[in-house]
Protein chains: 2
Amino acid sequence: MEFQVTFRVNDKIYLRDPESSEVGKQIVKNAIDLMYELGFEHFTFKKLAIAIHCTEATIYRYFENKHRLLLYILNWYWCYMEFLVMFKLQNVTDTPEKLKTVVHLLTHELPESSGQFDYNKKFLNQIVIAESSKVYLVKEVNEINKNEVFKPYKDLCAQIARIISEYQPDYLYSKSLSSTLIETAHHQQFFSMYLPKLTDVSVENQAEFTSLFLENLLFNVLR
Amino acid sequence: MEFQVTFRVNDKIYLRDPESSEVGKQIVKNAIDLMYELGFEHFTFKKLAIAIHCTEATIYRYFENKHRLLLYILNWYWCYMEFLVMFKLQNVTDTPEKLKTVVHLLTHELPESSGQFDYNKKFLNQIVIAESSKVYLVKEVNEINKNEVFKPYKDLCAQIARIISEYQPDYLYSKSLSSTLIETAHHQQFFSMYLPKLTDVSVENQAEFTSLFLENLLFNVLR
DNA sequence: TCATAAATAATAGTAATACTATCAAAAATA
DNA sequence: TATTTTTGATAGTATTACTATTATTTATGA
């Protein structure tokens, strides 16, 4: 059985829906590749335009600026992650098992979704790890937040918080623990790659380090 | 008794020691004020030059770019924080008390240090919360790391990890828990201010929320 | 079918940012 | 006193982030 999952990303993020045209799709796909390669700071619309053989003005027609484009990519990621959590927890009744699944999803590359036009999941994962905090750690956070552009993040956070509450109903900080889980998944992965002295990673457990740490943390905090 | 604490910041961070001249001191002091006001992205050397009535070139003589200037400010913060932890734990023998002190330090404004030429601690605290991750979440992280510019962060992390190990010697992730503590202190404070739905903050516990959450987390993870 | 309107991309700008090179004055040293 | 070094000021350039205008294509409807 083949099926395809698509997400309606909040239309306040873009000026024109990138899903509505071929160039639009190319913009998002190539933005992920180029942002992975250059990092958010060195990524520019000019460079993206050259990569997809169009002009800067064309990209500006779809996105106000590169911050909005990153926000679009992350919204897509948060929506996909929420879907994956929901999907993978179908028919799982064991609550510890649910939490383990969540940790695994947060600390591993996204599975390839079918569909001829797909984003590079390895690159997307690295962008989430290294760049995601840059969308809210800005002076304009209140202004941006008004358009509900962080709703998918809040939804994902609330979804995980519900599983935490299910596991331990009297735990007082389910949402903070949930957001800590998400954020820690990112920075522990980043640290274990680039600043390993800030972690307890070793050569042997490189790949599984973050999920081991988070599982241990979670099951010690709770119960 | 009056005393003053100063820190030798790694000289790879600056081109010319800002402590060595009056303009240099003005650059750092006013950078903190202006970076707080504008946020790192909108902060420029031009604007800083106007604020202290000098030229851009003067500032470039001290710091290669604004990233280095932020790194200098954070190095100062990390050194000061390590000093404070050491200082406040003098004569404290009770290990749980030590951990509580660390959490309190990480989640509250820095105390004013004496000295006629002092940085604005309220502003510095907000910069640490909102901008600190931007110094390492860059493509050049490996290159930058070679000059040991993150050493004060690693030292602070190791210092807290030692207290964790003292409390529970067989805990496997003392350094990761330590860096998670530091990072979580930042983003939970940020979230409770700007994106409260990602936390369990309430109107009543606004000020103490992050320390309550972290204390609870820490004492449940350990033992 | 053809005229007209609307949508789109390309061209060509501008203002601001992130630097660099040069120069002149002041300070330090020999 | 002469000479070197350090300093800040001036005046640039390349890139970035965006905008306005124009040309072309596409859609619509009489």
Side-chain angles (χ1 to χ4, degrees), chain A residues 11-31 34-73 131 134-135 137-140 143-144, chain B residues 11-31 34-73 131 134-135 137-140 143-144:
Chain A
D11 63 14
K12 294 275 168 54
I13 295 172
Y14 49 74
L15 298 170
R16 185 167 134 64
D17 185 3
E19 283 295 310
S20 72
S21 75
E22 196 49 44
V23 208
K25 289 175 194 165
Q26 285 294 333
I27 288 170
V28 179
K29 185 182 165 38
N30 286 273
L34 204 61
M35 216 181 273
Y36 165 78
E37 192 191 325
L38 303 173
F40 186 65
E41 285 74 23
H42 296 296
F43 169 86
T44 68
F45 277 6
K46 181 85 207 168
K47 289 170 186 168
L48 180 58
I50 291 166
I52 58 179
H53 307 294
C54 76
T55 60
E56 272 182 281
T58 301
I59 301 168
Y60 276 105
R61 220 163 253 278
Y62 289 85
F63 295 100
E64 221 177 302
N65 50 49
K66 68 176 180 176
H67 181 271
R68 290 284 161 146
L69 177 46
L70 176 58
L71 194 53
Y72 180 91
I73 293 167
E131 323 288 4
K134 293 168 192 173
V135 296
L137 291 178
V138 290
K139 211 69 195 174
E140 305 87 352
E143 205 51 49
I144 298 169
Chain B
D11 63 13
K12 294 276 169 55
I13 294 172
Y14 48 75
L15 297 169
R16 184 168 135 64
D17 185 3
E19 284 295 311
S20 73
S21 76
E22 196 47 46
V23 209
K25 289 175 193 165
Q26 286 294 334
I27 288 170
V28 179
K29 187 185 161 38
N30 286 273
L34 205 59
M35 216 182 273
Y36 165 79
E37 191 192 326
L38 303 173
F40 186 66
E41 285 73 23
H42 296 297
F43 169 85
T44 68
F45 278 5
K46 182 84 207 166
K47 289 170 187 169
L48 179 58
I50 291 166
I52 58 180
H53 306 294
C54 74
T55 61
E56 271 183 282
T58 301
I59 301 168
Y60 276 106
R61 222 165 250 279
Y62 289 85
F63 295 100
E64 220 177 302
N65 50 50
K66 66 175 181 176
H67 181 270
R68 289 283 160 149
L69 177 46
L70 177 59
L71 195 53
Y72 180 90
I73 293 167
E131 323 290 2
K134 293 170 192 171
V135 297
L137 291 178
V138 292
K139 210 68 195 176
E140 304 88 352
E143 206 50 50
I144 299 168

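By convention in this document, chain letters (A, B, ...) are assigned in the order of the sequence lines, proteins followed by strands, and residues within each chain are numbered from 1. Source: prediction; values computed, not measured.
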Report task. Ignoring hydrogens and angles, tell me if any N or O in the side chain of A:Glu131 forms a donor-acceptor pair with the backbone of A:Phe40 under 3.5 Å. Result ->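 It does hold such a pair.
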From the list [options], which nucleotide is the closest neighbour of the side chain of [X]?
| X | options | value |
| --- | --- | --- |
| A:Thr44 | D:dC18, D:dT16, C:dA10 | D:dT16 |
| A:Tyr60 | C:dA18, D:dT7, D:dC18 | D:dC18 |
| A:Ala57 | D:dT7, D:dT16, C:dT11 | C:dT11 |

Query raised in the report: Does B:Glu64 get its side chain close enough to the base of C:dC19, under 3.5 Å, for a donor-acceptor pair?
Result: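 Not at all, since no donor on one side and acceptor on the other fall under 3.5 Å apart.
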Would you mind reading off the distance between [X] atom [atom1] and [N] atom [atom2], rounded to a whole angstrom?
| X | N | atom1 | atom2 | result |
| --- | --- | --- | --- | --- |
| A:Lys66 | D:dC18 | NZ | P | 9 Å |
| B:Glu41 | C:dA16 | CD | P | 19 Å |
| A:Leu15 | D:dT19 | CG | C1' | 13 Å |
| A:His42 | D:dT16 | NE2 | P | 10 Å |
| A:Ile59 | D:dT16 | CD1 | P | 13 Å |
| B:Glu22 | C:dA26 | CD | P | 19 Å |
| A:Glu56 | C:dG13 | CD | C1' | 12 Å |
| A:Leu48 | D:dC18 | CG | P | 14 Å |

Query raised in the report: Salt bridge between A:Glu41 and A:Lys134, side-chain N to carboxylate O under 4.0 Å?
Result: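 So A:Glu41 pairs with A:Lys134 through a salt bridge.
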Query raised in the report: What heavy-atom pair brings A:Phe63 and A:Tyr14 nearest, and what distance separates the two atoms?
Result: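 Looks like CE2-CB, 3.7 Å.
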Query raised in the report: What's the shortest heavy-atom distance between B:Thr58 and B:Ile27, and which atoms?
Result: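 Closest approach of B:Thr58 to B:Ile27: O-CD1, 4.5 Å.
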Does [N] have its OP1 or OP2 closer than 4.0 Å to a side-chain nitrogen or oxygen of [X]?
| X | N | answer |
| --- | --- | --- |
| A:Lys47 | D:dT16 | yes |
| B:Arg61 | D:dT6 | no |
| A:Thr58 | C:dA10 | yes |

Query - Closest-nucleotide 5' rank along DNA chain C - winner of B:Lys46 and A:His53 - result: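 It is A:His53 whose nearest nucleotide is closer to the 5' end.
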Report task. Measure the CG-CZ distance between B:Leu69 and B:Phe43 for me, rounded to the nearest 0.5 Å. Result ->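 These two atoms lie 5.0 Å from each other.
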Requested in this report: Determine the contact category for B:Thr55: base if any of its heavy atoms lies under 4.0 Å from a base atom, sugar-phosphate if only primed atoms, P, OP1 or OP2 are that close, otherwise nothing.
Outcome: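 The answer is base, as B:Thr55 lies within the cut-off (heavy atoms under 4.0 Å) of a base atom.
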Report task. Describe the nucleic acid contact of A:Tyr62 in one word from base, sugar-phosphate, nothing, applying a heavy-atom distance below 4.0 Å. Result ->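 Sugar-phosphate: the residue A:Tyr62, judged by heavy atoms under 4.0 Å, touches backbone atoms but no base.
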